[in-house]
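Single-structure report; data block below.
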Amino acid sequence: MAAVRVEEVLAAAEEQEAEKRRSVTVEKELELEFDLGNLLAVDRNPPAAAGLRGAAPGREAKLRALARDNTQLLVAQLWELPAERAGGAGGPLVARLPDPTFRLPREKPPPRPRPPTRWEQFARLKGIRRRKRTSLVWDEEAKEWRRRWGYRRAGGDPARAWLAEVPEGADPEEDQFARLRREKRERVARNELNRLRNLARAHRAGTAIPAAPLHPTGHQSREELSHVARVARVSTASLGRFQPRLPKEPAETPSRNAGKKRRFEPLLGNLAAERSRQLELLRDMGSKKPVLNITRAVNKQLRQEEAEAAAAKRKKQSQRGKRGRRQ
Amino acid sequence: MRPLTEAETRTLFEKLGRYIGENIQLLVDRPDGTYCFRLHRDRVYYLSEKLLKVATNIPRDNLVSLGTCFGKFTKSQKFRLSVMALDFLAPYAKYKVWVKPGSEQSFLYGNHVLKSGLGRITENTAQYQGVVVYSMADVPLGFGVTAKSTQECRKVDPMAIVVFHQADVGEYVRNEDTLT
């Protein structure tokens with residue numbers, strides 16, 4: 001009895017061992033492809049097609065088993081990487097991942113090329129090409145190669161210049177140092193302005209809304225036509241201000257709400273005008289009421305019928321009464 | 001605070017017109033001063049020009065109410081008339097309903113008017129017509145909408161609703177916190 005039980009226990013223990021080993025080893029037809037830099041494992045084994053269909057009963061369990069097996073293989077690969085203890089002897093075991101080989105697609109769309117600046121357009125027109133300048137210049141006084149601009153530049157520190165010649169046609173009373181400083185400030189400001197202008201132009205070019213092209217004949221809707229007509233009207237040099245109207249085109253004043261922000265009448269604007277507008281609106285609303293009021297007509301008819309019925313009843317009663325008296 | 005837009009004015013006048021008909025122009029064009037409608041936090045206020053000029057001195061966040069609140073615009077731009085307009089609309093009402101003393105209290109508690117509580121009703125009132133509800137002593141109690149035309153009112157049984165309750169002066173006590 002006891003021996004049988006011991007055998008059973010041993011058999012059970014062996015089963016458990018085998019189970020543990022089974023959970024660690026995974027059998028696959030095709031080997032997986034690993035990109036440990038991205039922690040990626042690609043399984044090219046054809047899946048059991050029937051079992052994974054949308055309506056199959058054990059689908060969830062099969063998928064979970066598949067995921068578990070693949071994850072097991074990936075983790076086994078990670079364990080084989082060269083590892084070291086981070087932060088000294090007692091730190092955690094850290095594996096060094098190789099460089100990723102799988103190229104992930106772009107997250108955002110690629111940047112579109114910016115439009116050329118005014119100088120770039122001019123240079124392209126004239127055929128001016130950029131000449132590469134040397135970064136060091138020979139300074140004769142210091143007898144060494146100095147930078148073109150910046151710290152210890154060739155030609156000395158401009159702030160310490162102790163001589164400023166009066167140019168030929170200039171006013172002798174004018175302060176030359178002040179003039180130099182002012183001109184530098186103006187130059188800086190002008191460059192900054194141009195830089196910002198170029199930036200704004202590039203930004204505007206990027207967000208311009210293209211006009212929707214008109215559909216070929218047969219598919220044009222009324223709104224599309226009116227929109228395109230409006231755009232065409234405004235596409236003149238004076239933005240459509242002097243454009244003559246077609247015979248049946250309505251005179252459209254630029255609505256106050258042509259823009260992104262909602263605009264209201266001023267709070268304390270012309271109150272008399274407001275009042276007259278409201279009275280006109282009332283008149284407009286009043287004139288649109290239908291001439292025939294259905295319910296009133298029906299009520300009138302009902303009243304008429306009631307009156308007739310009452311008259312008939314009275315006549316009948318009076319007749320009956322007379323008959324009765326006669327008898 | 002801002003003036004009403006075209007669409008909002010139209011909605012407002014349509015609603016008011018249901019109760020007072022073409023007498024709205026007496027509200028808009030008054031002989032004793034310039035009165036106007038202004039919108040503040042979705043509520044429509046009726047006030048004189050003098051008061052408006054003074055009210056512009058109060059910052060928007062601190063301004064609670066001005067003039068008389070006629071009602072408010074809901075989120076879907078429908079206009080709900082409130083009881084505070086009663087003083088202005090009652091004198092110009094086209095269709096009136098008088099309520100018996102017994103069911104005055106019921107109406108003031110927010111219930112509809114039944115046939116048994118109906119005292120008098122203007123002749124030729126259509127169905128679903130906006131009416132002003134009075135007590136038998138000619139005191140305006142509130143607004144309503146007729147559920148039956150005058151003709152039908154005569155024939156219907158006593159427990160039927162004849163006027164739907166819209167607003168009543170009891171709201172001044174019931175909804176003290178929410179009336180602006």
Side-chain angles (χ1 to χ4, degrees), chain A residues 223 226 230 250-314 316-317, chain B residues 1-18 20-31 33-40 45-57 60 63 66 123-129 146 148-155:
Chain A
E223 290 86 21
S226 67
R230 212 179 322 137
E252 212 181 80
T253 51
S255 63
R256 300 202 56 188
N257 296 342
K260 287 182 195 157
K261 194 162 178 181
R262 246 186 113 178
R263 289 236 212 105
F264 302 110
E265 299 295 315
L267 180 58
L268 273 177
N270 192 356
L271 284 176
E274 189 184 328
R275 193 169 44 187
S276 61
R277 226 180 316 128
Q278 283 179 345
L279 286 172
E280 234 187 80
L281 176 67
L282 278 171
R283 214 176 333 130
D284 208 23
M285 281 166 56
S287 69
K288 286 225 181 90
K289 285 220 168 69
V291 181
L292 173 64
N293 193 343
I294 311 263
T295 41
R296 289 194 66 159
V298 165
N299 282 347
K300 203 168 178 182
Q301 183 71 17
L302 279 172
R303 240 181 302 144
Q304 221 172 342
E305 284 175 5
E306 260 178 36
E308 282 175 12
K313 211 182 191 181
R314 248 181 282 123
K316 222 190 267 177
Q317 277 195 339
Chain B
M1 198 192 343
R2 61 167 173 87
L4 294 149
T5 62
E6 174 87 23
E8 285 166 353
T9 321
R10 195 177 283 267
T11 319
L12 173 69
F13 285 171
E14 270 170 17
K15 194 61 185 255
L16 291 179
R18 298 187 64 179
I20 60 180
E22 61 271 358
N23 292 333
I24 304 179
Q25 53 196 36
L26 293 167
L27 274 182
V28 170
D29 195 11
R30 276 166 74 137
T34 323
Y35 279 70
C36 57
F37 292 98
R38 287 291 181 267
L39 195 79
H40 176 60
Y45 297 97
Y46 180 66
L47 65 165
S48 65
E49 173 192 358
K50 206 168 14 101
L51 193 58
L52 175 64
K53 288 205 171 120
V54 170
T56 54
N57 295 326
R60 209 180 289 179
L63 184 61
L66 53 162
E123 192 62 52
N124 292 339
T125 316
Q127 197 182 20
Y128 306 133
Q129 173 69 45
T146 55
K148 306 259 185 281
S149 65
T150 315
Q151 302 301 105
E152 293 173 22
C153 270
R154 296 207 182 102
K155 301 186 205 157

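Because the structure is a prediction, the values reported are computed rather than measured. Scope of the values below: all heavy atoms of this structure, side chains included, with no hydrogens, waters or symmetry mates.
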Per-residue contact mode, [X] against chain A (heavy atom under 4.5 angstrom):
X        : result
B/Glu152 : neither
B/Phe37  : both
B/Gln25  : both
B/Thr9   : both
B/Arg10  : both

- Are the charged groups of A/Arg283 and B/Glu22 less than 4.0 angstrom apart, N to O?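 Between B/Glu22 and A/Arg283 there is no salt bridge, as every charged N stays at least 4.0 Å from the carboxylate O atoms.
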
Minimum heavy-atom separation for [X] to [Y], with atom names?
X        : Y        : answer
A/Leu267 : B/Arg2   : CD1-CA, 4.0 Å
B/Pro3   : A/Pro266 : CG-O, 3.5 Å
A/Gln278 : B/Val28  : OE1-CG1, 3.4 Å
B/Cys36  : A/Glu274 : CB-OE2, 4.0 Å
B/Leu52  : A/Leu268 : CD2-CD2, 3.4 Å

With a 4.5 Å limit on heavy-atom distance, are the side chains of [X] and [Y] in contact?
X        : Y        : answer
B/Asn124 : A/Arg303 : yes
B/Gln151 : A/Gln301 : no
A/Arg263 : B/Thr5   : no

- Note on the structure: Interatomic distance, OH@B/Tyr35 vs CG@A/Leu271, rounded to 0.5 Å, equals 13.0 Å

- Query: What's the spacing between A/Phe264 CZ and B/Met1 CE if we round to 0.5 Å?
  - Reply: 13.5 Å

- Task: Only counting residues at least two apart or in another chain, list the ones meeting side-chain hydrogen bond (donor to acceptor under 3.5 Å, both in side chains) with B/Glu6.
- Result: none

- Which region of A/Leu281, side chain (C-beta onward) or backbone (N, CA, C, O), has a non-hydrogen atom less than 4.5 Å from a non-hydrogen atom of chain B, or is it both or neither?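 The side chain, not the backbone.
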
- Task: Examine distances only and state if a side-chain atom of A/Arg275 and a backbone atom of B/Arg30 form a donor-acceptor pair shorter than 3.5 Å.
- Result: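 Checking the backbone N and O of B/Arg30 against the side chain of A/Arg275, no donor-acceptor pair under 3.5 Å is found.
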
- Message: Shorter than 4.5 Å, heavy atoms on both sides: which option in B/Ser149, B/Gly21, B/Ala126 has the most such pairs with chain A?
- Response: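 Of B/Ser149, B/Gly21, B/Ala126, B/Ser149 has the most heavy-atom pairs under 4.5 Å with chain A.
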
